[in-house]
Amino acid sequence: VKNRSEQKMEIYSANMEEKLSKRLKLEAKLQEGLEKEHFLLHYQPLFNSKAEEIVGVEALIRWQEPGVGMISPGKFIPIAERNGMIVKIGDWVLKRACKQLKKWHQLGYEDIYISINIAPQQFSDDDFVHKVESILLETKLDPSYLELEITERATMKNIEHTINMLGQLRELGVKIAIDDFGTGYSSLSYLKEFAITKLKIDKSFVMDLTTNSKNLAITETIIMMAHNLNLEVTAEGVENNGQLERLKEQGCDTLQGYFLSLPLPENDLLKLLKIKK
Ligand code: C2E
Ligand code: CA
Ligand code: CA
Ligand code: CA
């Protein structure tokens, strides 16, 4: 007869096995998805707060798995980060997004920039700068229309490396936004050492902006600090008019969120650009 702790162990390991086999299946599918190009990008517009014009778009990856449907990046990006596949996926995103932007520029929307999410592993690879440089050469894209979003957490991993990488990227002429700002416990003293161009206020602060006066104080403070450091500020996750109005009053430069536009497939984004022009 098994004692209780042995029984517990069996249940525990059965769960672990199930989880592991699920993960392995997903990993195999991910590899296949990359080979068969089951990934696509959606583009969420960024609006300037003064005129509510589209000034840029953020590329957001989607995984369209046949027979399964759309799998959200929240599900597979963490797995791809764990097994290292994120680097290959990230290369694909960078190239795909730059080529797409070049197309829009050639169609006459030449003032729009693209913002691309860069995973910590991409950023920690010394080769990353060369990759960006060669994609810029290949697509003949003006570097100032490419913005890289790096999470606050990723910048804090190795400060020396971050300062070095950001310096090299800025020399190429690309822009750099700190994503999810306010959630990564960054030491504010590093902000002035980083060659960045934008802070992107995390949506958790925007969420209950109209009901929580503390969040109102936080967004106000981030916006003021960014401007004092000569940085642009974007707020993400704007879901209603109240949030929009508060952020405008506080002088936030660019706004993004479902209230303004969902992330859109390529064709729908083009339609929106046509309407807005
Ligand atoms: P993120 O970079 O912080 O992107 C913002 C997420 O919030 C996106 O989710 C977007 O669709 C969603 N969002 C936009 N407006 C609103 C809003 O008003 N309210 C709410 N609640 N959410 C809003 P998505 O597309 O599911 O992406 C989730 C995360 O996956 C991203 O967070 C990013 O960390 C990661 N991700 C997406 N695409 C890529 C990629 O190409 N490369 C890498 N490394 N990560 C990516
Ligand atoms: Ca982002
Ligand atoms: Ca974000
Ligand atoms: Ca996020």
Side-chain angles (χ1 to χ4, degrees), residues 30 33-34 37-47 54 56-64 69-101 113-125 128 131-132 135 146-155 175-184 186 196 198-210 219 222 233-244 246-247 252 254-265 268-269:
L30 207 54
L34 195 59
E37 298 236 352
H38 292 160
F39 294 102
L40 68 154
L41 295 178
H42 279 183
Y43 302 91
Q44 188 176 32
L46 290 129
F47 296 82
I54 298 175
V57 293
E58 178 179 2
L60 292 160
I61 196 168
R62 300 289 179 261
W63 179 12
Q64 184 70 59
M70 201 83 94
I71 304 169
S72 85
K75 281 226 175 80
F76 69 88
I77 292 285
I79 292 169
E81 285 190 356
R82 238 180 291 140
N83 70 10
M85 274 181 68
I86 190 67
V87 176
K88 271 193 192 162
I89 295 174
D91 288 349
W92 179 83
V93 172
L94 199 60
K95 196 172 256 184
R96 186 72 197 78
C98 288
K99 282 186 176 165
Q100 183 60 58
L101 182 66
Y113 62 84
I114 196 135
S115 207
I116 301 177
N117 292 287
I118 304 301
Q121 271 138 304
Q122 290 176 275
F123 185 67
S124 62
D125 181 2
F128 182 64
K131 282 181 181 169
V132 173
I135 285 166
L146 172 59
E147 180 177 76
L148 304 175
E149 295 193 9
I150 298 155
T151 62
E152 189 184 14
R153 240 171 267 274
T155 62
K175 305 222 162 111
I176 294 152
I178 303 287
D179 201 2
D180 299 349
F181 187 77
T183 62
S186 73
I196 54 175
K198 182 193 272 187
L199 297 182
K200 207 162 174 185
I201 302 174
D202 189 69
K203 56 178 174 289
S204 60
F205 301 112
V206 175
M207 208 150 41
D208 48 1
L209 197 61
T210 51
T219 55
I222 295 175
V233 206
T234 297
E236 62 174 21
V238 179
E239 290 184 354
N240 60 54
N241 193 53
Q243 296 163 343
L244 182 84
R246 294 295 87 69
L247 289 160
C252 192
T254 27
L255 303 164
Q256 186 184 23
Y258 297 159
F259 183 68
L260 291 156
S261 171
L262 295 171
L264 300 170
D268 292 345
L269 195 269

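As the structure is a computational prediction, the values presented were derived from the model and not from experiment. Atoms within a ligand are numbered from 1 in the order they appear, just like the ligands themselves.
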Requested in this report: List every atom of ligand 1 that sits less than 4.0 Å from any heavy atom of Val93, numbering the atoms from 1 in the order shown and giving each element.
Outcome: 41 (O)
**Report entry** Atom of Val93, atom of Ile116 and distance for their closest heavy-atom approach
**Finding:** CG1-CG2, 3.9 Å
Requested in this report: Look at the aromatic rings of Trp92 and Phe39 and report parallel, tilted or perpendicular, splitting at 30° and 60°.
Outcome: tilted
Requested in this report: Any atoms of ligand 1 less than 4.0 Å from a non-hydrogen atom of Asp180? List them with their elements.
Outcome: 3 (O)
Query raised in the report: Does a donor on one side chain and an acceptor on the other come within less than 3.5 Å for Glu81 and Gln121?
Result: no
Report task. May I ask you to identify, for Arg62, whether its side chain, its backbone, both or neither come under 4.0 Å of ligand 1 on a heavy-atom basis? Result -> side chain
Query raised in the report: Do Asp208 and Gln243 have side-chain N/O donor and acceptor atoms under 3.5 Å apart?
Result: no
Report task. List every atom of ligand 1 that sits less than 4.0 Å from any heavy atom of Ala119, numbering the atoms from 1 in the order shown and giving each element. Result -> 44 (N)
Query - Nearby protein N/O/S atoms (those under 3.0 Å) for the Ca ion (ligand 2), with water ignored - result: Glu58 OE2, Asn117 OD1, Glu149 OE1, Asp179 OD2
**Report entry** Minimum side-chain heavy-atom gap Asn241-Phe259 below 4.5 Å
**Finding:** yes
**Report entry** Side chain, backbone, both or neither: Glu58 near ligand 1, heavy atoms under 4.0 Å
**Finding:** side chain
Query raised in the report: Under a 4.0 Å N-O cut-off, is there an ion pair linking Glu149 with Lys175?
Result: no
Query raised in the report: Where the closest heavy atom to atom 46 (C) of ligand 1 is concerned, which of Ile118, Ile89, Asn117, Val238 has it?
Result: Asn117
Query raised in the report: Is it true that Lys131 and Asp91 have a side-chain N and a carboxylate O under 4.0 angstrom from each other?
Result: yes
Requested in this report: For the residue pair Glu58 and Lys200, establish whether any side-chain heavy-atom pair is separated by less than 4.5 Å.
Outcome: yes
Report task. Identify, by atom number and element, the atoms of ligand 1 in contact range of Gln44, meaning under 4.0 Å from any of its heavy atoms. Result -> 14 (C), 15 (N)
Report summary line: Checking heavy-atom distances from atom 6 (C) of ligand 1 to each of Glu149, Lys203, Glu236, the winner is Lys203
Query raised in the report: Quick one: does Pro263 get a heavy atom under 4.0 Å from ligand 1?
Result: yes
Query raised in the report: Can you check whether Gln44 reaches Tyr258 side chain to side chain, under 4.5 Å on heavy atoms?
Result: yes
Query - Candidate with minimal heavy-atom separation from atom 1 (P) of ligand 1, of Asp179, Ile61, Ile77 - result: Asp179
Report task. State if His42 counts as touching ligand 1 under the rule of any non-hydrogen atom under 4.0 Å. Result -> no
Query raised in the report: Does some non-hydrogen atom of Glu81 fall short of 4.0 Å from ligand 1?
Result: no
Query raised in the report: Just wondering, do Leu255 and Leu247 contact through their side chains at under 4.5 Å, heavy atoms?
Result: yes
Query - Distance-only donor-acceptor check, side chains Glu147 and Ser115, under 3.5 Å - result: yes
Report task. Evaluate the side-chain proximity of Ile61 to Ile77: yes if any heavy-atom separation is below 4.5 Å, no if none is. Result -> yes
Query raised in the report: Any idea which heavy atoms bring Lys203 and Glu236 closest together, and the distance?
Result: N-OE2, 3.1 Å
Query raised in the report: By number and element, which atoms of ligand 1 are closer than 4.0 Å to a non-hydrogen atom of Pro73?
Result: 24 (P), 25 (O), 26 (O), 27 (O), 28 (C), 30 (O), 37 (C)
Query raised in the report: Does ligand 1 have an atom under 4.0 Å from some heavy atom of Ser72?
Result: no
